Amino acid sequence: MIRRQRIVAILSDFGTADSYVAEMKGVMLCINPLLSIVDLTHEVHPGDIRQAAFVLWRSYRCFPSDTVFLCVVDPGVGTARRVVAVSRGDRLFVGPDNGIFTMIVDSDDFRCHEITRPDFRIEPSSRTFQGRDIMAPACAYLSLGVAPTELGPEVVKPVRLKLSAPKIGARQIAGEVISIDRFGNAITNIPAQNMQADNLTSSTTVYLRQRKVGPIMSTYSQVGRGKPVAYVGSCGLLELAINQGSLSRTLRVARGTKVKVEFHGD
Amino acid sequence: MIRRQRIVAILSDFGTADSYVAEMKGVMLCINPLLSIVDLTHEVHPGDIRQAAFVLWRSYRCFPSDTVFLCVVDPGVGTARRVVAVSRGDRLFVGPDNGIFTMIVDSDDFRCHEITRPDFRIEPSSRTFQGRDIMAPACAYLSLGVAPTELGPEVVKPVRLKLSAPKIGARQIAGEVISIDRFGNAITNIPAQNMQADNLTSSTTVYLRQRKVGPIMSTYSQVGRGKPVAYVGSCGLLELAINQGSLSRTLRVARGTKVKVEFHGD
Amino acid sequence: MIRRQRIVAILSDFGTADSYVAEMKGVMLCINPLLSIVDLTHEVHPGDIRQAAFVLWRSYRCFPSDTVFLCVVDPGVGTARRVVAVSRGDRLFVGPDNGIFTMIVDSDDFRCHEITRPDFRIEPSSRTFQGRDIMAPACAYLSLGVAPTELGPEVVKPVRLKLSAPKIGARQIAGEVISIDRFGNAITNIPAQNMQADNLTSSTTVYLRQRKVGPIMSTYSQVGRGKPVAYVGSCGLLELAINQGSLSRTLRVARGTKVKVEFHGD
């Protein structure tokens, strides 16, 4: 029987100028030559676990439900930090246990195993490139049907980052910018489900720091060219942008910049 | 019977630092897990429809004749601009109807359909990321054999950009630079077929602005290192470069810089 | 019988903003639509054959043993330099004969053939983009089982670069930095096998220029944050880094910077 191959999606901070990502791909293809490989991104800022956790969270649900995610943002490589495989439903996530999977292990329906079994790695393993020598082989074996339980002992409490949560009140939500994209758009930590009014456009006002941006619109072009606009973005979070421009450059917005939504009474 | 899978080639201005491109790939792989995906480029300058149209034009003919092209340079996302599927021969092109397909719909042998049918999109669709929620699913369904006519009503006059055409005279052609590549080489809008002399090298003189570059050569190294050179480039257009250097940096050449070819009488 | 498809891994200095890499992929997929394509990197500095040779050397062994490598760093394109196919075991390497394969042809177990047969190229071939018109088609045909001997005459002495070799003495090794990676880590030309002492940590001292870095450690975190560290890297060469920082930026290290290892007597 011909089974379609599982997909491995890769997230890293390796960039694409060096051959690190390619070496991980080569190692996986040696173990499972029919593997289908997709890049999430390799341009996470070096060592930025928080950014990696966000990118993984916003993208993983777009992939087939049995995808294996290889996540290598690993500033503690070679230290005592564990290498783990997290399973949630049919999805599998392999990477360092440093908080990168915080938003994956945020409910009770996950299992986590440390990857310790020497049969599923390259020996001798490098102490400085375990993405290639331990994590990539583990992904390839998982893609072939090896169960996560075979890789090593269960980890009950994987490492979680403390994420900034928005403060949700009756009349306002106070949050902050958690990501800036290529277009200079600012993604906040304020989820759309906290703003389910009948008519957001007439019933809300969004503030960037102390600056009034306006009500929540449904797309960029509802404000004039060069004007700031707030809207519910494509990952279900409140975003701010400048129509046809760069909010982050024009208004010097960065991760941590404060954003507030006010609801108006009827 | 095992059919080979169709290829989807993707062109965007999303860059590769964010996960936008990966999300489109994930969505397509959910619909057609056997799809073969190739990146054209994702580094089109944000919102630069003209550059996107050029990159698509120069590259699409290199691909198998039944390739599906997903083209997402879409500054008007969420506005009334249409999302369309253009077919030309077996090739299919999906993207916003904003002029990105100008050089594809430049003859009469195309058909264009608006993508309106809700069955072939992700619902609810984001108003700010229709590349993922409308265009990517459409590509995946097309790759499975859905006919473009099933996606929505025919569009008779898709949007076309006004492109700068070279002025072709008996003794000279006046054109301009339309693209600069990584090496600093300048690609002009002057097609090789307008220069079919027996011996271009002895019968032409190329000018960059007022500066005499010399006759048309056949490759860089026919001039000394560091010297400017004109030649017919790999997409059939007149190009200018500096042998082993960067023309755009050295001589401050950009899109719009004037170029002239003079033909000498016998 | 269903055979798994061969992999083509691509190395170039084309960057990813232009469509050059995509055009090579399209050409290969026209010839072998089932081909599996992996990028090594496309960000080799324009024309930097030495860097390309290093990246190829460090990554090729990670790939399946019948991989075809398409290597296009080709500042002499269109000149009399040959285009060649090098075979070593089942691995095949296609590119310009300009030294890019120096570390592949460093022993006697290779064969090299010039690619001259017009049947295996695109005609007419561009004089400025032979990566697309000659090398890519050759790779695709090789992936289908065409023998390198069919492509053209044997080349007995392919071009080799003069690589800087470390000076290995009884009590010290003097070498230099040959590559800087994204993290600012410096990779030297000093191989680990020249340092097989029982206990490198107690028996060696590494110097960067005149500056004492310390003994050889096994990973970054064995020194304090912000401190320089020497270790055997993931490609088997001595490397220097700053724990959680950038050595190249902090200490202005570049290719050619001198590194010395001293061995202490017992």
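On a predicted model such as this, the values are computed, not experimentally measured, just so you know. In what follows, chains carry the letters A, B, and so on, assigned in the order in which the sequence lines appear, proteins first and then strands, with residues in each chain numbered from 1. Atom set for the values below is all heavy atoms of this structure, side chains included, hydrogens, waters and symmetry mates excluded.
- Here the straight-line distance linking atom CG of B/Leu29 with atom CZ of A/Phe63 works out to 7.0 Å at 0.5 Å rounding.
- Counting only distance, with no hydrogens or angles, the side chain of A/Ser221 and the backbone of B/Gly76 share no donor-acceptor pair below 3.5 Å.
- Rounding to the nearest 0.5 Å gives a distance of 8.5 Å between OG1 of B/Thr128 and CG of A/Asn185.
- Between the CG atom in B/Leu35 and the OG atom in A/Ser36 there is a gap of 9.0 Å [rounded to 0.5 Å].
- Note: A/Arg58 CZ to B/Glu23 CD = 4.0 Å, rounded to the nearest 0.5 Å.
- Contacts between B/Val77 and chain A at a heavy-atom distance below 4.5 Å involve backbone atoms as well as side-chain atoms.
- For a residue to count as touching a neighbouring chain, one of its non-hydrogen atoms must lie under 4.5 Å from one of that chain's; by this rule B/Asp39 does not touch chain A.
- When heavy atoms are compared at a cutoff of 4.5 Å, A/Leu56 does not approach chain B at all.
- In this structure, chain B has a heavy atom under 4.5 Å from the side chain of A/Val38, while its backbone stays farther away.
- Side-chain atoms of B/Asp18 come within 3.5 Å of backbone N or O of A/Arg182 as a donor-acceptor pair.
- A/Thr219 places a side-chain N or O within donor-acceptor distance of the main-chain N or O of B/Arg127, the cut-off being under 3.5 Å.
- Rounded to the nearest 0.5 angstrom, B/Tyr20 OH and A/Cys62 SG are separated by 11.5 Å.
- Atom NZ in B/Lys25 sits 11.5 Å away from atom CD1 in A/Ile7 (nearest 0.5 Å).
- Ring geometry for B/Phe14 against A/Phe183 counts as perpendicular: the plane angle is over 60°, on a 0 to 90° scale with 30° as the lower cut.
- Contact of B/Ser19 with chain A is made through backbone and side chain together, with heavy-atom distances under 4.5 Å.
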